[in-house]
Trainee: 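Below you'll find the structure I mean.
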Amino acid sequence: QVQLVESGGGLVQAGGSLRLSCAASGRTFSGYAMGWFRQAPGKEREFVGAITWSYGSTIYTDSVKGRFTISTDKAKNTVYLQMNSLKPEDTAVYYCAATRTVSPLRSSSTYDYWGQGTQVTVAS
């Protein structure tokens with residue numbers, strides 16, 4: 001049973017930083033890609049970025065490039081989303097997801113497993 005558990009969300013002032021974690025369990029994730037998505041109230045779920053577990057290749061949506069960084073700790077089976085220079089428009093519930101299919105990573109329908117989400121609120 002694959003399980004993804006996010007943590008690290010909270011309230012932060014604009015310009016601040018947060019690091020989200022996604023602890024993955026239930027199988028080995030070699031060959032998988034791990035994605036981060038977010039959903040703000042009244043909006044559709046939005047792709048944030050993704051990383052391939054084996055090679056560490058990353059992609060990001062344009063609005064977070066240069067501010068957000070995705071990384072993995074294979075020993076801990078954990079994926080991180082480091083978020084810097086946060087803006088009020090980054091406020092959302094953030095979800096991590098896993099997929100065996102590495103394309104298209106920007107589409108939520110590609111992903112097989114999802115975490116429960118963690119709230120990030122950026123105050124102006």
Trainee: For the backbone of G31 and the side chain of S54, can you confirm whether one donor and one acceptor N or O come within less than 3.5 Å of each other?
Mentor: yes
Trainee: Using a 4.5 Å cut-off on heavy atoms from C-beta on, say whether the side chain of Y95 contacts that of Q39.
Mentor: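 With C-beta onward as the side chain, the pair touches.
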Trainee: Looking at V79, is its backbone amide N or carbonyl O close enough to the side chain of T72 to form a donor-acceptor pair, meaning the two atoms are under 3.5 Å apart?
Mentor: no
Trainee: First locate atom OG1 of T52, then atom CG of L105, and finally report the distance between them rounded to the nearest 0.5 Å.
Mentor: 8.5 Å
Trainee: Would you call the rings of W53 and F29 parallel, tilted or perpendicular if under 30° counts as parallel and over 60° as perpendicular?
Mentor: tilted
Trainee: Which atom names give the shortest non-hydrogen contact between S63 and R38, and what distance separates them?
Mentor: OG-NH2, 3.5 Å
Trainee: Verify the cluster assignment for Y32 and Y111: are they in a single hydrophobic cluster under the rule of side-chain heavy atoms below 4.5 Å apart?
Mentor: no
Trainee: Could you check whether R45 makes a cation-pi contact with F37, meaning its NZ or CZ is under 6.0 Å from the centre of the six-membered ring and within 45° of the ring axis?
Mentor: no
Trainee: Verify the cluster assignment for L20 and L4: are they in a single hydrophobic cluster under the rule of side-chain heavy atoms below 4.5 Å apart?
Mentor: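 In one cluster with L20: L4, yes.
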Trainee: For the hydrophobic clusters of this structure (ILVMFWY residues joined by side-chain heavy atoms under 4.5 Å, transitively), does one cluster hold both Y60 and Y94?
Mentor: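 Yes, one cluster joins them.
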Trainee: Hydrophobic clustering (ILVMFWY, side-chain heavy atoms < 4.5 Å, transitive) - are V64 and Y80 grouped together?
Mentor: no
Trainee: Under a 4.5 Å side-chain heavy-atom rule over Ile, Leu, Val, Met, Phe, Trp and Tyr, are L18 and V48 clustered together?
Mentor: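 Both belong to a single hydrophobic cluster.
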Trainee: Might you work through the side chain to side chain contact (heavy atoms under 4.5 Å, CB included) test for D90 and V120, ending with a clear yes or no?
Mentor: CA-CA 8 Å; D90 294 318; V120 171; 5.5 Å; no
Trainee: Does N77 reach the main-chain N or O of A24 with its side chain, forming a donor-acceptor pair under 3.5 Å?
Mentor: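 Judged by distance alone, yes, a pair lies under 3.5 Å.
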Trainee: Taking all atoms of both residues into account, what is the closest heavy-atom pair of P88 and A14, and its distance?
Mentor: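 Closest pair (atom of P88, atom of A14, distance): CD-CB, 4.1 Å.
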Trainee: Give a yes or no answer on whether the side chain of E6 reaches the backbone of C96 with a donor-acceptor pair at less than 3.5 Å.
Mentor: yes
Trainee: Side chains of T28 and S30: do they bring a donor and an acceptor to under 3.5 Å?
Mentor: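 Looking only at side-chain atoms, S30 and T28 do not form any donor-acceptor pair under 3.5 Å.
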Trainee: Just by distance, do the side chain of Q116 and the backbone of V5 share a donor-acceptor pair under 3.5 Å?
Mentor: no
Trainee: Assess the residue pair L11 and Q119 against the criterion (side chain to side chain contact (heavy atoms under 4.5 Å, CB included)); give the C-alpha distance rounded to whole Å, side-chain angles, the decisive distance to 0.1 Å, and a yes or no.
Mentor: CA-CA 8 Å; L11 173 64; Q119 176 70 47; over 6 Å; no
Trainee: Which residue is it: I70, I59, L81? I am looking for the one with a side-chain contact (heavy atoms from CB on, under 4.5 Å) to I51.
Mentor: I70
Trainee: Quick check against the 3.5 Å criterion: does T110 have a side-chain atom that pairs as donor or acceptor with the backbone of P104?
Mentor: yes
Trainee: For K76, does the NZ atom have more than 12 heavy-atom neighbours from other residues, nucleotides or ligands under 6.0 Å away?
Mentor: no
Trainee: For the CD atom of E46 and the OG atom of S108, what is their distance to the nearest 0.5 Å?
Mentor: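 Rounded to the nearest 0.5 Å, the CD-OG separation comes out at 11.5 Å.
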Trainee: Can a salt bridge be assigned to the pair K65 and D62 using a cut-off of 4.0 Å between side-chain N and carboxylate O?
Mentor: yes
Trainee: How long is the span from the CE atom in M34 to the OH atom in Y113, to the nearest 0.5 Å?
Mentor: 11.0 Å
Trainee: Could you pull out the closest heavy-atom pair between S17 and Q82, with the gap in Å?
Mentor: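 Distance-wise, the nearest heavy atoms are CB-NE2, 4.0 Å.
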Trainee: Identify the heavy atoms of A23 and T78 that sit nearest to each other, and give their distance.
Mentor: CA-OG1, 4.0 Å
Trainee: So, for Q13 and S124, which heavy atoms are closest and what is the spacing to 0.1 Å?
Mentor: OE1-O, 3.9 Å
